[in-house]
Amino acid sequence: MSASNNGWAMIAQVRFRELKTRLGLAVFIAVSAWFLTRGAWPAVWLGFVAVSQFIDWLAFRRLRLNPTIEPSAPYKVALCATAAMNVIVYSGIAVVLWVTGGEAGRLFAMIQVAGALLHVSLHMHHVRSLLLSAVVPHSLFFLGLPMMEGVRTGRWEDFLIVIGGVLFMTHLVVAVRQSSMTTKALQDANDQANAERKKAQVASAAKSDFLAVVSHEIRTPMNAVISAANLLRRTRLDREQREHVSMLLDAGDVLVGLLNDVLDFSKIEAGKMQLESSEMDLRDKLASLGRLWQPKAEANGVRLMMEIASDVPVSVRTDPLRFQQILFNLLSNAVKFTEDGTISVSVGWEATQQRLVVSVADTGCGIAPERLANIFDSFEQADAGTTRRYGGTGLGLAISRRLAEIMGGSLKAESILEQGSTFTLSLPVEPVTKTERAPAQATAEETGLQGRLILAADDHAVNRRILSLLLEPHGCQLVLVENGAEAVEAAMGQTFDAILMDMQMPVMDGLTATARIRVEGLNTTTPVIALTANAMDVHRAAWDAEGVHAFLTKPIDPPLLAATLAQACAVPRAERVAAAA
């Protein structure tokens, strides 16, 4: 819709809303005029007003009902003529009052026309032609009546009234101009806000698409790495090899956690990051971090030491992933910027405030005083050349402090150039005095997969191999296919106990394949489990719409996969086939 058309439609709506007000005022003016004149003309005038207002209602009706139409030139002329006719009729009472109402009638006439001028100026300034059609007749009455009286009587006082009318109209022009400028500024601001909102929506959609692609492309190789590590841990390993596998799995857990944080980026930006609260064995968590970072520190000739005070609780209730993420970033920085000496992690306990105090101190290069205040800013590093020399984005410390604050704590730094730095994390936690042993993960015999026939669709050969290595030891039989079309074909030929379905595959995607399988064939009631690297909420919602039994993401959690399949296979195949029939 053009700006001009928008103005015509706006005036049409305003005139319709103000119709009752104009008629009510006309009745009031007619009654007042009768008291001043004691004649029949006020009643005649009221009748003409009613007819002219009905014509006005008809003229603007088309535009009011269809505000998006572009008025034609003849239609615009008709609307302007209608507006002028209404003004002439409405202000016509001023002539009656001026001629027969005496001094009070003349004063009333001037006030009535002045009010009418103000009304049309404020409500019709959106379209100049309509404004002129309404203002010019009112002005002729407003200035013409006292001017004609002055000419007739020769009294100079009547010309003073004309001058006063001109001053009034001058102020009115200024007011209308200011109102128009304000309205235009508001409209421009609204248009700009709408444009910015559309840009933000496009950017948000692009960001979501980018995160979805990145998530999928990262999760696919991570699935191979972490699943291979899980498979390797099942084999006979010596102590050193088992330690290496543990380090690999610990690092994988951190990477998966960070990837999930990226997918939750919109919540982080909005300040709506959700924290979890669960029991955490503090010493196990620190040992996990030590296994990960000690070899890297020793490779630089640096000793990594950990010291936990005797009064520190064995277990605490907090968000384990966020706690690990903060310490991971602090240790990463300490190892990165320390070329010799030691890195010490000290854990203390403030019993009165129930706060855990963790200090990570190093003997590295330190931070200059003028840079220390800025190291927690996003993309900020202690030295302009550190990105090239040491790598990194400069986000680690900013994220760590933000996480600490969200968890109700704080993160502070102290440093002396060329002597080292100390980062102190103070975090409120709830000590756990009695812990319950977590239930053991289901074993191969307990999962109920023995003898089950499972269809698995995945376009990556490595992923299909991983599924074979993870599930065949449980005693189940796998039928592996490379895309959704092959999955549909296989589901037409035999009945399965469960179906594992990837999402993004060539030829036919997993959602389409699931919908096809649900429509006809031997597996319309067979549980389908989504096993995909597409892990965003929109993907989960798409699978939920297809009625899948469960939604699992890659990298694969082997015990969870086995338990989910066992639950899906709990209903015997024969019963499902009978129910479907």
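Heavy-atom basis, side chains included; hydrogens, waters and symmetry copies ignored. In this chain, residues are counted from 1 in sequence order.
- When each of L500, N523, T514 is tested with V528 by the rule side-chain contact (heavy atoms from CB on, under 4.5 Å), just one qualifies, namely T514.
- Counted within 6.0 Å of CD on E489, heavy atoms from surrounding residues, nucleotides or ligands total 12 or fewer; the atom is thus considered open.
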### Query
Should Q241 and D238 be marked as a side chain to side chain contact (heavy atoms under 4.5 Å, CB included) after you check the CA-CA gap, both sets of side-chain angles, and the distance that decides it?
CA-CA 5 Å; Q241 291 171 332; D238 59 32; 3.1 Å; yes
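- With contacts defined as side-chain heavy-atom distances shorter than 4.5 Å, the pair F323/L282 qualifies.
- For the pair T318/M407, a side-chain contact is recorded, criterion being any heavy-atom separation below 4.5 Å from C-beta on.
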#### Entry: Derivation and outcome, side chain to side chain contact (heavy atoms under 4.5 Å, CB included), residues R465 and L469
CA-CA 6 Å; R465 178 58 178 162; L469 295 172; 3.5 Å; yes
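- When all heavy atoms are compared, the tightest approach of P313 to R283 is O-NH1, 3.3 Å.
- Between T338 and N300, the closest side-chain pair of non-hydrogen atoms is not below 4.5 Å.
- Counting only heavy atoms from C-beta outward, the side chains of R516 and M508 approach each other to under 4.5 Å.
- M505 approaches G484 most closely through the heavy-atom pair CE-N, 3.5 Å.
- The environment of CZ in R234 is crowded: more than 12 heavy-atom neighbours from other residues, nucleotides or ligands sit within 6.0 Å.
- R355 and S426 share a side-chain donor-acceptor pair at under 3.5 Å.
- By the 4.5 Å heavy-atom criterion applied to side chains, F328 and N333 are not counted as neighbours.
- Under 3.5 Å, the side chains of N329 and S332 contain no donor-acceptor pair of N or O atoms.
- A487 and M501 make their closest contact through CB-CE, 4.1 Å (heavy atoms, listed as atom of the first residue, atom of the second, distance).
- M280 CE to R322 CZ: the interatomic distance, rounded to the nearest 0.5 Å, is 13.5 Å.
- A distance-only check finds no donor-acceptor pair linking the side chain of S421 to the backbone of D362 [under 3.5 Å].
- Among all heavy-atom pairs drawn from S468 and L480, the shortest one is OG-CD1, 3.3 Å.
- The distance from atom OG1 of T524 to atom CZ of R518, rounded to the nearest 0.5 Å, is 8.0 Å.
- Inter-residue side-chain proximity for I499 and I529 is flagged as unmet; no heavy-atom pair is nearer than 4.5 Å.
- Atoms SG and CG, from C476 and L449 in turn, are 5.5 Å apart once rounded to the nearest 0.5 Å.
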### Query
Between I517 and T526, does a side chain to side chain contact (heavy atoms under 4.5 Å, CB included) hold up when you go through it step by step?
CA-CA 9 Å; I517 293 172; T526 299; 5.9 Å; no
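- Of all the heavy atoms in P559 and D557, the pair that sits closest is CD-OD1, 2.9 Å.
- Contact of the D509 side chain with the M503 side chain is not registered, since no non-hydrogen atoms from C-beta on lie closer than 4.5 Å.
- Atom NZ of K554 sits about 6.0 Å away from atom OG1 of T532, to the nearest 0.5 Å.
- Taking a cutoff of 4.0 Å between a charged side-chain nitrogen and a carboxylate oxygen, R464 and E482 qualify as a salt bridge.
- Because its NZ or CZ atom is both nearer than 6.0 Å to the ring centre of F376 and within 45° of the ring axis, R401 counts as a cation-pi partner of that residue.
- Within the 4.5 Å cutoff, the side chain of L330 has no heavy atoms near those of the V345 side chain.
- With rounding to the nearest 0.5 Å, the separation of CZ in R317 from CD in E276 is 11.5 Å.
- To the nearest 0.5 Å, atom CG of residue D319 and atom CG of residue L427 are 9.5 Å apart.
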### Message
Would L522 and M492 count as a side chain to side chain contact (heavy atoms under 4.5 Å, CB included) here? Give the steps.
### Response
CA-CA 6 Å; L522 302 175; M492 293 295 179; over 6 Å; no
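- Sparse packing is recorded around CD of E414, with 12 or fewer heavy atoms of other residues, nucleotides or ligands lying under 6.0 Å away.
- One side chain, Q294 or E298, offers a donor N or O that lies under 3.5 Å from an acceptor on the other.
- A side-chain N or O of R233 and one of N230 form a donor-acceptor pair less than 3.5 Å apart.
- Looking at T422, its side chain never comes within 3.5 Å of a backbone N or O of A361 through a donor-acceptor pair.
- Taking each heavy atom of S400 and L411 in turn, the nearest pair found is CB-CD2, 3.7 Å.
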